[in-house]
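Let me begin by presenting the structure, written as structure tokens, before commenting on it.
Start at 1 and go down the list; that is how both ligands and their atoms are numbered. Worth knowing before you read on, the calculation uses all heavy atoms, side chains too, and leaves out hydrogens, waters and symmetry mates.
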Amino acid sequence: MAKINILDEFTANQIAAGEVVERPASVVKELAENSLDAGAGKIVVNLEEGGLTCITVSDDGCGMVEEDLVLALKRHATSKIKSASDLSRVNTLGFRGEALPSIAAVSKMSITTRTRDVLAGSRAEIEAGSLVSIKPAGCPPGTTVSVKDLFYNTPARRKSMKSSSTEGALCGDIISRLALARPEVSFELIIKDRRVFYSPGTGNLSDAVAAVYGAGQVREMIDINAVDKNIVIHGLVSKPSLSRSTRSHITVIINGRYVRCPAALEAVEEAYRTLLPQGRKPVVVLSLSILPEHLDVNVHPAKLEVRLLEEEKVVRLIISTVRDALRNNDVIPSTFPKARKKEISALNYSKEAFYVEPEQSRINFDRLTSKLAVSIETKNPVNNKLTAERNKVQNKVQYVESQDYSKKGKAGEEKAEYAWDDKRLPVLNAIAQFPPTYILAMGEEGLYIIDQHAAHERILYEEFLDGFKEMPGQYLLVPVTLELDHRESAILTEKIMWLEETGFIIEHFGGNTFLLRGVPPRFPAGHEKELFLDILDYFKERGQSASRVEFFDRLASSMACRNAVKAGEKLSQPSMDTLLQQLAQTENPYTCPHGRPTVIHLSYRDLEARFRR
Ligand code: ADP
Ligand code: MG
């Protein structure tokens, strides 16, 4: 082995930066947390190119004197703890003294700061970790840290960054979580001179939730409060009428710190079990106050995780608090819960992205034969920002993505082991409906059992996929207002072309609010908002890997699922015959869009063998 060296400070900082500073959002988190620790009442974050070229965080906190400013840039320099024994009662967000030197090591940083009791402030310029200059400066009390050209001296890290809109969206997500964690502080996020987020800092959690998710969502949420010996729980939880397709709308805050806490997440989900359809997640902000000695905050380099020392007790308290709140607000239905109904019906497709739970609503089977009623030429409202994005995306649309959809069908066939060699479904005559969801039919080759829901899904799925390319969107009688969060708004803008291609008609209303004026033909009525938000969640989850083809495919299959006849629905003889005819005309009659079989065949030979004739 080689001789042991002690690393110099610069190298040590670069290594620490590798852990603490993953991307612009981590810089925003560390700087905003420093502002919170400095007692700020207002924090303004400014981003250029998603934070890749410039991040500025300004606060009106306690500021630093020049002497401390120089120290703050040194590794392990902190005003927050003095010795290891303080670790057991940390009540600040920072304590490691690593953030400033780590960020400074991989960027060009400047800090301007002034305490309230001195007249002149100071300004330090640091490049790749070395102090370039420090001078007096005129500035208001508080601190402004500006971080330029992040990772300019670590090209590999710089290369692994995503697009500026994705990085910006991640920064926005951090700001939203901090705003939820600290409702008494006002947060403002400015991107390209536009204010994209603002929380008023009233100290009211519901005001912070309204800033993040929109006032409409707050109205669908319930306050929770509980006190146990060492724990206080406070928060807002959604009624079952409000749900999302991913966990990303559950925020857990422990002692004012936004954290990942799997135990608390699971407890929240457990509280909603049987209240939400499978695969749906609630919108929750859960704020726990726990005595610092019952917590270990020193388990993650970016302090994103904490360990609960009395986990079981906390979990039990969360479940009972959330459950009680839902019960007291009469949101737990007295009839059979939806989830049970679903177990009984044979439909269980929970894992599909933006799959929508089949509802108990009755859908007129005449839809099968009815063609589009009214459709109005899509005329998009002029909107500079969206138009710019449209043009940009249009130029980028990749050739590979314009491949024919029939290829998709072929892939489906491979999955279907039950398919016959001959891919066409023969002409069938319906004999009877066999409850809850089967149609018995006969053909030259014997007996066929068809799953009415799956078969109808297949028919609609293929129709919808074709329709996206050919049919314009349909205007809604009343536009749906979408109050999005910053990230959703960025995603919508980024994917506007694909959305419009399928028939969505979207207008920017101001800030992060959009109007959904039109939807693809035969979009499930009454579910516009829910399904649209599911689509945004889907894009959020898939990130850059979402392709146009996959999006069209998912949209068609979730619309098909919503519109298809349900299990248990009674069908007339002509309806059954129409269904069979239309199924025979599909490209892949033997599987539903999720890859499950639509038809089971018992040939005369099978029957004879079974009857031993
Ligand atoms: P930590 O937050 O773990 O103490 P940092 O490297 O993030 O470490 O910051 C080092 C020190 O610089 C802090 O302990 C604090 O004293 C000072 N500091 C950093 N940011 C600010 C700010 N916005 N306002 C006042 N002081 C600050
Ligand atoms: Mg810090």
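- Looking at Ala99 next to ligand 1, an N or O pair under 3.5 Å apart turns up.
- Look at Ala77 and you'll find a heavy atom under 4.0 Å from some atom of ligand 1.
- Of the protein's non-hydrogen atoms, the one nearest atom 23 (N) of ligand 1 is Asp59 OD2, 2.9 Å.
- Contact annotation for Leu100 and ligand 1: heavy atoms of both the backbone and the side chain come within less than 4.0 Å of the ligand.
- Nearest to atom 25 (C) of ligand 1 among the protein's heavy atoms is Ala38 CB, 3.6 Å.
- Atom CZ of Arg116 is surrounded by more than 12 heavy atoms from other residues, nucleotides or ligands within 6.0 Å.
- In this structure, Asp485 contributes its side chain and Asp173 its backbone to no donor-acceptor pair below 3.5 Å.
- Contact between Asp37 and ligand 1 is absent, with no heavy atom of the residue lying under 4.0 Å from the ligand.
- By the criterion of a heavy-atom distance under 4.0 Å, neither the backbone nor the side chain of Val57 is placed next to ligand 1.
- The closest protein non-hydrogen atom to atom 20 (N) of ligand 1 is Asn34 CB, 3.3 Å.
- By the 30° and 60° cut-offs, the orientation of the rings of Trp498 relative to Phe539 is tilted.
- Protein heavy atom closest to atom 12 (O) of ligand 1, with residue, atom name and distance, is Ala72 CB, 3.3 Å.
- Counting heavy-atom neighbours within 6.0 Å of Lys162 NZ, excluding the residue itself, gives a total of 12 or less.
- Listed by number with element, the atoms of ligand 1 under 4.0 Å from a non-hydrogen atom of Glu98 are 6 (O), 8 (O).
- Counting only heavy atoms of the protein, atom 16 (O) of ligand 1 lies nearest to Ser79 OG, 2.6 Å.
- Atom CG of Asp193 has 12 or fewer heavy atoms from other residues, nucleotides or ligands within 6.0 Å.
- The shortest N or O to N or O distance between Cys62 and ligand 1 is not below 3.5 Å.
- When only non-hydrogen protein atoms are considered, atom 26 (N) of ligand 1 lies nearest to Met64 CG, 3.5 Å.
- Protein heavy atom in closest approach to atom 3 (O) of ligand 1: Gly97 N, 2.7 Å.
- Taking backbone and side chain together, Asn34 holds an N, O or S atom under 2.8 Å from the Mg ion (ligand 2).
- Closest protein heavy atom to atom 22 (C) of ligand 1: Thr143 OG1, 3.7 Å.
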